[in-house]
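One structure is given below, encoded as structure tokens.
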Amino acid sequence: MNCTRIGLRYYYSTSPFNQRTLLFKNAPKVDDALQVFDEMLQRQPPPSIFQFTQLISVIVKMKQYSTALKLFKQMRLMGVPVSIPTMNISINCYCRLNQVAYGFALLATLFKQGFSPSLATYSTLIHGLVLADRVFEAVELFKKLLRDKLCDPDQVMYGTVINGLCKVGHTSKAIELLTFMESGSCKPCVEQYSVVIDSLCKDKMVDHALELFAKMTGKGVLADVITYNSLIHGLCNFGRETEAAKMLRNMEEEGVSPTVATFNILVNSFCKQGSVKDAELAVQEMVRRGLCPNVITYSALIDGYCLRGEIDEAEKVLNGMTEKDLAPNIITYNSLINGYCKKKQIDKARHLFQEIQDKGLIPDVITYNSMLQGLFESGNPAAARELFNEMQAKGQAPNIYTYRILLHGMCKNSQCSDALALFRSVESKELMVVTNAGSLTWLWICLTNFY
DNA sequence: CTAGGGTTAG
């Protein structure tokens with residue numbers, strides 16, 4: 001696919017230009033959409049704001065939020081008028097870029113220009129606060145909107161708040177809000193139920209999730225693939241594979257087809273059980289059904305092989321995905337790096353660690369944790385401590401596992417006084433506030449065992 | 001199918 005073809009399709013197609021043209025038909029790249037944008041800017045008379053918005057929403061769906069914002073800026077400079085939808089998309093972009101403050105700044109601009117925010121504007125901002133882990137403020141904003149009667153919340157807005165509550169572990173509060181919806185005129189639909197069902201599964205309350213699922217379907221709300229995915233995931237996670245299989249059959253009987261995500265849940269579950277062969281069969285089945293394995297599929301397989309110590313097989317999968325033009329990401333590589341470290345192949349781990357950075361990937365705290373453990377276990381505490389400094393210099397905050405690895409490594413290498421000093425510094429950083437009592441106890445046990 | 005919400009990997 002090249003840009004010209006999209007451009008031509010845009011100019012000469014008799015059917016109206018739409019998202020699917022750009023998004024799905026020819027799987028074009030962002031550059032193609034940008035080319036269309038440039039052509040649109042040069043057209044006389046200029047296309048409507050509607051058409052610009054359509055195109056930019058394609059770019060947003062490709063998760064190119066900064067690009068989308070740049071295009072809006074360019075449009076403004078070219079004198080294309082703004083509208084509530086364009087403002088909403090911009091606010092959403094800022095929120096996705098973790099800059100919810102800019103989102104609120106845009107809300108102020110919007111008021112100044114005499115626009116009235118829509119429900120979508122407010123829902124986007126509430127979601128932005130949730131994305132920024134500011135759920136308390138999200139709930140406060142929602143309450144303020146209700147209190148001041150600034151809007152009449154719809155299912156999406158309720159759902160956004162319910163999701164926020166679930167995200168911070170307040171599933172029971174989320175259930176209260178869901179029940180409130182049931183009692184009112186804005187009845188919950190499958191999205192709101194699914195959020196809570198998923199949260200219950202993650203809270204290890206799979207039976208409660210199943211009960212809510214039964215209640216939902218009892219009210220005539222049909223489960224969709226995401227509802228089923230959450231339940232299958234929950235059942236698999238707690239060793240209830242037979243029920244998961246039953247759920248899978250049930251969903252197909254209901255006419256809901258499994259997606260890549262559904263199969264990925266199965267692939268991952270097989271891998272965690274150590275039966276990568278079954279995982280491979282699941283991948284074959286998804287391909288047979290015309291579904292295309294994605295980065296998550298291959299990463300799960302790689303991790304599965306690494307867990308079994310079959311690094312060669314993991315490397316084969318990595319090569320296979322690269323051949324299919326799928327770019328491995330940091331999660332993919334973390335499995336391999338961890339696999340090398342666990343097999344005491346620290347040189348291979350270090351090499352890969354360097355290689356991915358040369359490719360422009362940013363190691364995260366999990367990468368560093370694997371490397372640190374590998375370095376200690378290969379008898380190189382000095383390199384480990386150097387890497388610990390490096391990770392902080394590069395802005396990767398150590399977590400409780402990092403400290404656990406360091407304390408353990410130092411103690412084992414007769415550096416107990418250093419370990420104690422490190423522990424004191426952890427204490428002074430008040431890391432315990434963000435950890436839990438269990439981890440803190442572990443630190444003490446680790447120290448007292450070796451001191 | 002011009003704007004906002006829910007599922008999958010380390």
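Here is how names work: the chains are called A, B, and so on, in the same order as the sequence lines, proteins then strands, and each is numbered from 1.
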Under a 4.0 Å heavy-atom cutoff, the residues of residues 342-353 of chain A touching DNA chain B are none
### Query
Does a nitrogen or oxygen in the side chain of A:Lys61 sit under 4.0 Å from OP1 or OP2 of B:dA3?
yes
Original post:
Is the count of non-hydrogen atoms from other residues, nucleotides or ligands lying under 6.0 Å from A:Phe104 atom CZ greater than 12?
Top reply: yes
Check: Are A:Lys202 and B:dT8 close enough that a side-chain N or O sits under 4.0 Å from OP1 or OP2?
Finding: yes
Among B:dG4, B:dA3, B:dG6, the one nearest any side-chain atom of A:Thr124 is B:dG4
With the side chain defined as heavy atoms from C-beta on, A:Asn268 is closest, among B:dA9, B:dT7, B:dG6, to B:dA9
Sorted by chain and residue number, the side chain to side chain contact (heavy atoms under 4.5 Å, CB included) partners of A:Asp207 (sequence neighbours excluded) come out as A:Leu210, A:Arg240
Just distance, no hydrogens or angles: give the donor-acceptor pairs under 3.5 Å from side chains in residues 133-146 of chain A, sequence neighbours left out.
| residue | atom | partner | partner atom | Å |
| --- | --- | --- | --- | --- |
| A:Asp133 | OD1 | A:Lys167 | NZ | 3.2 |
| A:Arg134 | NE | A:Glu137 | OE1 | 3.2 |
| A:Arg134 | NE | A:Glu137 | OE2 | 3.0 |
| A:Arg134 | NH2 | A:Glu137 | OE1 | 2.7 |
| A:Lys144 | NZ | A:Asp148 | OD2 | 2.9 |

Consider only side-chain N and O atoms of A:Asn264 and A:Asn294, and report whether a donor and an acceptor are under 3.5 Å apart.
yes
Point to revise | Polar side chain donor-acceptor pair, A:Thr227 to A:Ser194, under 3.5 angstrom | key: yes
Quick note, A:Ile89 side chain, CB onward, closest among B:dA3, B:dT7, B:dG4 is B:dA3
Of B:dG4, B:dG6, B:dT7, the nucleotide closest to the side chain of A:Asp154 is B:dG4
Checking only heavy atoms, does the side chain of A:Asn294 share a donor-acceptor pair with the base of B:dA9 at less than 3.5 Å? no
Practice prompt. Show your working on ring pair (Phe, Tyr, Trp, His ring centres under 6.0 Å) between A:Phe37 and A:Phe52 and close with a plain yes or no.
Written response: CA-CA 8 Å; A:Phe37 182 81; A:Phe52 276 114; 5.7 Å; yes
| said: Need one value for A:Val190: base, sugar-phosphate or nothing, where a base atom within 4.0 Å counts as base even if backbone is also close, heavy atoms only. | reply: base
Assign A:Val60 to base, sugar-phosphate, or nothing according to its heavy-atom contacts below 4.0 angstrom with the strands shown. nothing
